[in-house]
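Beneath this line is the structure, given in structure tokens, with notes to follow.
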Amino acid sequence: GIMDAIKGAGWTRFKPIKGQPIAEKDMKKVFRLVDMDKSGAISQLELKLAVKYLGKRYGINDIKTWREAMKEADMNNDGKLTYLEFQDAVKLAEKKINEAK
């Protein structure tokens, strides 16, 4: 089922921050906006362009944090993030920010 897919994507590894988990449909919307060429994956450049938006959305304005999170979430090391990798990247970025506090 879909929950297994989400668990399989490591979705449940992270605790939601400040009691506000990021909504799945919100992420989908963000992903679609960020994926400017509609390739189904977010490139480094697209991520960079989207950081301001992502920062507003998730309170993470630091491109370095996003870059690190992207690197870690990019399972197949193609320099791009699929939707599932993007979900992981957001969670990782949050985690980094929380750990840095």
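Counting begins at 1 with the first residue of the sequence.
- Under a 3.5 Å cut-off, the side chain of Asp88 and the backbone N or O of Leu92 do not form any donor-acceptor pair.
- In this structure, Asp35 CG and Tyr83 OH are separated by 12.5 Å, a value rounded to the nearest 0.5 Å.
- Residue Leu45 is not grouped with residue Leu47 when hydrophobic side chains (ILVMFWY) are merged at heavy-atom distances under 4.5 angstrom, including chains of intermediate members.
- To the nearest 0.5 angstrom, Leu81 atom CG is 8.0 Å from Gln44 atom CD.
- The shortest non-hydrogen separation linking Ala89 to Ala73 is N-CB, 3.5 Å.
- Clustering ILVMFWY residues whenever any of their side-chain heavy atoms sit less than 4.5 angstrom apart, transitively, puts Trp66 in the very cluster that holds Leu33.
- Note that OG1 of Thr65 and CD of Glu94 are 11.5 Å apart. Values are rounded to the nearest 0.5 Å.
- Between Glu72 and Lys96 there is a salt bridge, since a side-chain N of the basic residue sits under 4.0 Å from a carboxylate O of the acidic one.
- With hydrogens and angles ignored, the 3.5 Å screen pairs no side-chain donor or acceptor of Lys48 with any backbone N or O of Ser43.
- Here the CZ-CD distance, from Phe31 to Glu85, works out to 9.0 Å after rounding to the nearest 0.5 Å.
- From Leu49, atom CG reaches atom CD1 of Ile63 across 9.0 Å, with rounding to the nearest 0.5 Å.
- Interatomic distance, Phe86 CZ to Asp74 CG, rounded to the nearest 0.5 Å: 13.5 Å.
- For the pair Lys29 and Lys25, the minimum side-chain heavy-atom distance is 4.5 Å or more.
- Although no hydrogens or angles enter the test, the distance criterion places a donor-acceptor pair under 3.5 Å between the side chain of Glu46 and the main chain of Asp37.
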